[in-house]
Structures are given as C-alpha cells and as structure tokens.
J.: 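To start, I am sharing the structure in question, which I have written as structure tokens.
In each ligand, atom 1 is the first atom listed, and ligand 1 is the first ligand listed. The analysis underlying the following values was restricted to heavy atoms, covering all of them including side chains, and did not include hydrogens, waters or symmetry mates.
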Amino acid sequence: MSKTYAELARAAQKAKTFAHAPYSKFRVGAALLTKNGKVFTGCNVENSSYSLTICAERTAIFKAISEGHHRFKAIAVSSDDSGFTPPCGACRQVLIDLAGNIDFIMVNAKQQMKVVPLKILLPFAFTSKNLRRSKKKK
Ligand code: THU
C-alpha cells in the first residue's frame, strides 16, 4: 500500500533526530517517497567548513539515486520551526532536476503539513531538457 503523506511526515520527523547540526542547531529531516512506495530518509549534515554542509533534502535524494531509484512522488521535510520551512534554492534546483514536479510537503513542529508542488517553488527551472534542446540544434 502506498504511504500517506502523514506517514511520510512522521518518517521525516524521525530522520530529523539524526541531524548533525552543531553550528546552526537547526535540525532538519526529510523523507522521499518513490513511485513504487519506497521511502529514503535524510537529515542535514553540517561541516566545520560551513559551505560543505548538505541539506536533508539532498541527502535523501542522493541516497535514493545512488541506490538506483529515479521515479519519485513526494518529499516531506520536518524542522523544529513553528512555521513551515521552505527548501533552499540549491535543494529546489536539485529536486526539480532529479525528481520533477513532485509534491513538497513542509512539516512544522506541530506536525501540521503544507503541500506545495515543486514547480510552484521553482518556476521556469533549468533542467536536463534545456541541455538536450541545445544539443539538437548542432
Ligand atoms: N537546511 C536543510 O537541511 N533543509 C532546508 O530545507 C533548509 C535548511 C539546513 C541546512 C543547515 O544545516 C541548516 O538547515 C541551517 O541552514
């Protein structure tokens, strides 16, 4: 049976407990649902060389891709914020390029959810289609 978004939100909340965020203290967990019902989780992993930090969303999708999964349905992201945490620009780009227009489910500290399609979060995105079109012209 396919996972519900509430179940995905719980998986993201659990993944948040593994966050390595000694610098920002901002814990984030993600749970990415594949089209065949598998869930890949991730958390943010910070580094003492700050810019090498990776967000929870990218941890999750890189885990999935590196295990051969390429078709996705939705990603839930949980933080300790009372509001909804939107994804950073880098994660918007990586997600739309590798997963397409999936549902992005923001989960706040009270476990409330807000669902926004990625195309709304990153309209007019640069993707592999642009590269393919440029190759065709030559
Ligand atoms: N962060 C995420 O993991 N995902 C988001 O959607 C927003 C930001 C992380 C990166 C960094 O470890 C911390 O939150 C503060 O920016």
J.: Using a 3.5 Å distance criterion without hydrogens, assess whether the side chain of E46 forms a donor-acceptor pair with backbone atoms of Y23.
T.: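 Side chain of E46 to backbone of Y23, a donor-acceptor pair under 3.5 Å: yes, one is there.
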
J.: Please indicate whether any nitrogen or oxygen in E46 is less than 3.5 Å from any nitrogen or oxygen in ligand 1.
T.: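 For ligand 1, there is an N or O atom that lies under 3.5 Å from one belonging to E46.
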
J.: Indicate yes or no: does an N/O atom of T53 lie under 3.5 Å from an N/O atom of ligand 1?
T.: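 No, T53 has no N/O under 3.5 Å of an N/O on ligand 1.
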
J.: Tell me, which protein residue and heavy-atom name are nearest atom 3 (O) of ligand 1, and how many Å apart are they?
T.: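 It is A56 N, 2.9 Å.
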
J.: Measure the distance from atom 9 (C) of ligand 1 to every protein heavy atom, then report the residue, atom name and distance (to 0.1 Å) of the closest one.
T.: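 Here the closest protein heavy atom is N44 ND2, 3.6 Å.
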
J.: Among all the protein's non-hydrogen atoms, which is closest to atom 14 (O) of ligand 1, and how far away is it?
T.: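 Going atom by atom, the protein heavy atom closest to atom 14 (O) of ligand 1 ends up being F26 CD2, 3.4 Å.
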
J.: Quick one: which of A30, C55, P87 has a heavy atom closest to atom 2 (C) of ligand 1?
T.: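 Closest candidate by heavy-atom distance is C55.
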
J.: Using modelled atom types and a 3.5 Å cut-off, is there a donor and acceptor pairing between side-chain atoms of N44 and backbone atoms of R27?
T.: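 No, N44 side chain to R27 backbone: no donor-acceptor pair under 3.5 Å.
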
J.: For atom 15 (C) of ligand 1, which candidate among S79, G42, S24, P86 provides the closest heavy atom?
T.: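 Among S79, G42, S24, P86, the closest heavy atom to atom 15 (C) of ligand 1 comes from S24.
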
J.: Does N108 reach the main-chain N or O of Q111 with its side chain, forming a donor-acceptor pair under 3.5 Å?
T.: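 Yes; judged by distance alone, with no hydrogens or angles, the pair exists.
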
J.: Which pair of heavy atoms, one from V39 and one from A31, lies closest together, and at what distance?
T.: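 Heavy atoms of V39 and A31 come nearest at CG1-CB, 3.9 Å.
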
J.: Between T34 and N36, does any side-chain donor sit less than 3.5 Å from a side-chain acceptor?
T.: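 Yes, N36 and T34 have a side-chain donor paired with an acceptor closer than 3.5 Å.
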
J.: Using a strict 4.0 Å cut-off to heavy atoms of E57, name the atoms of ligand 1 that fall inside it.
T.: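 By the 4.0 Å cutoff, the relevant atoms are 2 (C), 3 (O), 4 (N), 5 (C), 6 (O).
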
J.: Is there a path of hydrophobic side-chain contacts, each under 4.5 Å between heavy atoms of I/L/V/M/F/W/Y residues, joining I120 to L122?
T.: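 Same cluster.
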
